**Q** 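Next up is a structure, given as structure tokens.
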2 protein chains.
Amino acid sequence: MMEKAEEILKIKDVNPTAVRILVLRYLLEHLKPQSLKDIEKGLMHTDRSSIFRSLKTFEEKKVVHSIEDGSGMIKYAVCPTGCNCDPQDLHYHFYCTKCSYTYCLLDNPIPIIKLPQNFKMQRANMVVKGLCNKCS
Amino acid sequence: MMEKAEEILKIKDVNPTAVRILVLRYLLEHLKPQSLKDIEKGLMHTDRSSIFRSLKTFEEKKVVHSIEDGSGMIKYAVCPTGCNCDPQDLHYHFYCTKCSYTYCLLDNPIPIIKLPQNFKMQRANMVVKGLCNKCS
DNA sequence: TTAAACTTTGCAATTGAGTTGCAGTATATT
DNA sequence: AATATACTGCAACTCAATTGCAAAGTTTAA
Ligand SMILES: [Mn+2]
Ligand SMILES: [Mn+2]
Ligand SMILES: [Zn+2]
Ligand SMILES: [Zn+2]
């Protein structure tokens with residue numbers, strides 16, 4: 001990503017505080033979706049609860065999306081440019097059961113899913129599990 | 001479901017102990033996928049860890065499949081007849097953000113997902129979130 | 001400027017689902 | 001019956017997530 005953290009926060013209408021910039025930069029530097037613990041380890045002088053609250057704010061303001069990959073730790077990834085987290089913006093994720101790497105499969109938009117009558121889709125958490133290219 | 005718990009356990013090669021029969025019957029009685037806590041509340045005289053271990057055994061032996069719907073509690077549902085939890089047997093799930101009901105969308109098999117080179121699919125956890133027919 | 005109002009942060013404590021060790025009980029095998 | 005194996009209940013523990021609160025920082029309105 002070449003966008004600067006501050007620009008993203010401005011676009012997404014999030015107050016660019018010190019912690020938020022650090023957290024967002026950290027996410028931008030790592031293509032791999034990061035857990036709260038990952039970020040905590042990476043930003044050794046920033047408090048966990050502050051990081052946690054930044055992530056919650058980011059999610060709410062659609063700066064990041066979260067991935068429940070079943071590992072027990074929620075992962076966070078910066079939303080691709082133009083993403084508004086609407087159903088048509090969503091993509092699959094892949095969780096490698098061997099190396100525990102979580103991938104955003106950005107090239108695979110999820111298809112239109114035929115829901116039962118009167119079911120309304122808002123979001124989705126689509127995780128394929130298996131072995132990644134490095135592990136298979 | 002009309003299958004008796006004992007029959008399913010026999011087919012899936014699981015020793016039909018007292019707790020296991022109780023847990024499986026409980027799941028069969030409820031179409032809604034149940035959490036460990038749900039089952040614990042339903043089977044007031046059965047210990048949590050015993051239920052937990054039954055569910056782990058069931059999952060391993062493909063008696064049930066688990067659903068990580070993001071609610072913080074894993075849900076368990078009896079596998080439909082003939083299901084072997086292979087990729088082609090998988091289906092979408094729907095989590096209602098208002099009433100917290102988790103649905104197995106058995107009529108919607110998931111499509112073939114084009115993964116990157118050398119990625120091998122083993123399992124999947126596909127959860128659509130939104131409002132169910134009763135809540136929209 | 002200054003004071004009040006609001007926002008953000010760090011720390012400590014709590015929550016709660018999930019998991020495990022272990023000893024006692026039940027069941028199967030010899 | 002004696003032994004081995006499988007199952008169960010209880011209590012304790014793990015650990016990611018979350019919260020309360022007071023201090024620090026920032027904005028706004030006298
Ligand atoms: Mn993603
Ligand atoms: Mn299901
Ligand atoms: Zn891998
Ligand atoms: Zn609902």
Side-chain angles (χ1 to χ4, degrees), chain A residues 5-6 9-10 12-27 32-61 63-77 95 97 100 102 125 127, chain B residues 5-6 9-10 12-27 33-61 63-77 95 100 102 125 127:
Chain A
E6 286 93 332
L9 293 179
K10 183 159 195 189
K12 296 294 175 73
D13 192 32
V14 177
N15 220 352
T17 68
V19 173
R20 286 175 190 160
I21 290 169
L22 282 174
V23 173
L24 184 49
R25 277 202 195 135
Y26 192 82
L27 290 176
K32 177 179 172 176
Q34 303 283 307
S35 70
L36 175 55
K37 188 183 236 180
D38 291 335
I39 302 168
E40 198 186 354
K41 271 190 279 189
L43 305 177
M44 301 234 299
H45 302 296
T46 310
D47 185 71
R48 180 168 20 116
S49 62
S50 300
I51 300 169
F52 171 75
R53 286 186 275 230
S54 290
L55 291 169
K56 285 289 156 195
T57 303
F58 288 173
E59 207 176 0
E60 200 176 311
K61 294 301 191 71
V63 174
V64 304
H65 62 276
S66 65
I67 307 146
E68 290 145 5
D69 60 15
S71 68
M73 283 185 288
I74 299 168
K75 305 293 164 59
Y76 298 88
Y95 179 73
T97 53
S100 302
T102 300
N125 185 60
V127 181
Chain B
E6 286 90 334
L9 293 178
K10 182 159 199 191
K12 297 294 174 77
D13 191 32
V14 177
N15 220 351
T17 67
V19 173
R20 287 173 188 161
I21 291 168
L22 282 175
V23 173
L24 183 50
R25 277 202 194 135
Y26 191 82
L27 289 175
Q34 303 283 307
S35 69
L36 175 56
K37 188 183 236 179
D38 291 335
I39 302 167
E40 199 188 352
K41 271 191 280 189
L43 305 177
M44 301 237 298
H45 302 295
T46 310
D47 183 70
R48 179 166 25 111
S49 61
S50 300
I51 300 169
F52 171 76
R53 286 187 273 232
S54 291
L55 291 170
K56 286 286 156 195
T57 303
F58 288 174
E59 207 176 0
E60 201 176 313
K61 295 300 189 74
V63 174
V64 304
H65 62 276
S66 64
I67 307 146
E68 291 146 5
D69 61 13
S71 68
M73 283 185 288
I74 298 167
K75 307 291 164 59
Y76 298 88
Y95 178 73
S100 302
T102 300
N125 185 60
V127 181

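If you're wondering where the values come from, they're calculated on a predicted model, not measured in any experiment. So that the names make sense, note that chain A is the first sequence line, chain B the second, and so on, each numbered from 1.
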**Q** So for the helix from dT1(C)-dA30(D) to dT30(C)-dA1(D), with five pairs setting each end axis, what is the inter-axis angle to 10°?
**A**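 That helix has its two terminal axes inclined by roughly 10°.
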**Q** Could you pull out all residues at least two apart from Glu59(A) that satisfy side-chain hydrogen bond (donor to acceptor under 3.5 Å, both in side chains)?
**A**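 With neighbours one apart ignored, the set is Ser66(A).
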**Q** Does a side-chain N or O of Ser49(A) approach OP1 or OP2 of dG10(C) to a distance below 4.0 Å, or not?
**A**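 Negative; the distance criterion is not met.
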**Q** Considering just the side-chain nitrogens and oxygens of Lys37(B), establish if one lies under 4.0 Å of OP1 or OP2 belonging to dG16(C).
**A**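 Looking at the OP1 and OP2 atoms of dG16(C), neither is under 4.0 Å from any side-chain N or O of Lys37(B).
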**Q** Using a 4.0 Å heavy-atom cut-off across all strands, classify Thr17(A) as base, sugar-phosphate, or nothing.
**A**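 Answer is sugar-phosphate: Thr17(A) comes under 4.0 Å of backbone atoms only.
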**Q** Across nucleotides 25-30 of chain C, 5' to 3', mark each nucleotide with B, S or - according to how protein heavy atoms within less than 4.0 Å reach it.
**A** ------
**Q** My understanding is that only residues two or more places apart in sequence, or in another chain, count here; which of them pass salt bridge (charged side-chain N to carboxylate O under 4.0 Å, His left out) with Lys75(B)?
**A**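 In terms of salt bridge (charged side-chain N to carboxylate O under 4.0 Å, His left out), with neighbours along the sequence ignored, Lys75(B) is linked to Asp69(B).
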**Q** Could you tell me which residues satisfy side chain to side chain contact (heavy atoms under 4.5 Å, CB included) with Lys37(B), sequence neighbours excluded, listed by chain and number?
**A**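 If we apply the side chain to side chain contact (heavy atoms under 4.5 Å, CB included) test to Lys37(B), skipping adjacent residues, the hits are Ser35(B), Lys41(B), Met73(B).
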**Q** Check every atom of dT19(C), dT9(C), dC10(D) against the side chain of Asp47(B) and return the nucleotide holding the closest atom.
**A**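 Of the candidates, dC10(D) comes closest.
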**Q** Scan for side chain to side chain donor-acceptor pair (under 3.5 Å) pairs involving residues 13-22 of chain B, sequence neighbours excluded, and state none if there are none.
**A**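 Not a single pair qualifies under side chain to side chain donor-acceptor pair (under 3.5 Å).
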**Q** If the condition is side-chain hydrogen bond (donor to acceptor under 3.5 Å, both in side chains), which residues does Asn125(A) pass it with, not counting sequence neighbours?
**A**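 So Asn125(A) forms no side-chain hydrogen bond (donor to acceptor under 3.5 Å, both in side chains) with any residue.
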**Q** Under 4.0 Å from any atom of DNA chain D, heavy atoms only: list the residues of residues 51-60 of chain A that qualify, in numerical order.
**A**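 Listed by number, they are Phe52(A), Arg53(A), Lys56(A).
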**Q** Please list, in numerical order, the residues of residues 63-77 of chain A that have a heavy atom closer than 4.0 Å to any atom of DNA chain C.
**A**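 Here the set is empty: none.
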**Q** Which salt bridge (Lys or Arg N to Asp or Glu O under 4.0 Å) pairs, counting each pair once, include a residue from residues 43-55 of chain A, with sequence neighbours left out?
**A**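 Listed by first then second residue: Glu40(A)-Arg48(A).
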**Q** Just jot down the side chain to side chain contact (heavy atoms under 4.5 Å, CB included) partners of Leu22(B), sequence neighbours excluded, or say none.
**A**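 Result, side chain to side chain contact (heavy atoms under 4.5 Å, CB included) vs Leu22(B): Leu43(B), Thr46(B).
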**Q** Would you mind classifying the nucleic acid contact of Arg48(A) as base, sugar-phosphate or nothing, using non-hydrogen atoms under 4.0 angstrom?
**A**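 Base contact.
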**Q** Taking only residues two or more places apart in sequence or in another chain, which ones pass side-chain hydrogen bond (donor to acceptor under 3.5 Å, both in side chains) with Tyr95(A)?
**A**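 Applying side-chain hydrogen bond (donor to acceptor under 3.5 Å, both in side chains) to Tyr95(A) gives Ser100(A).
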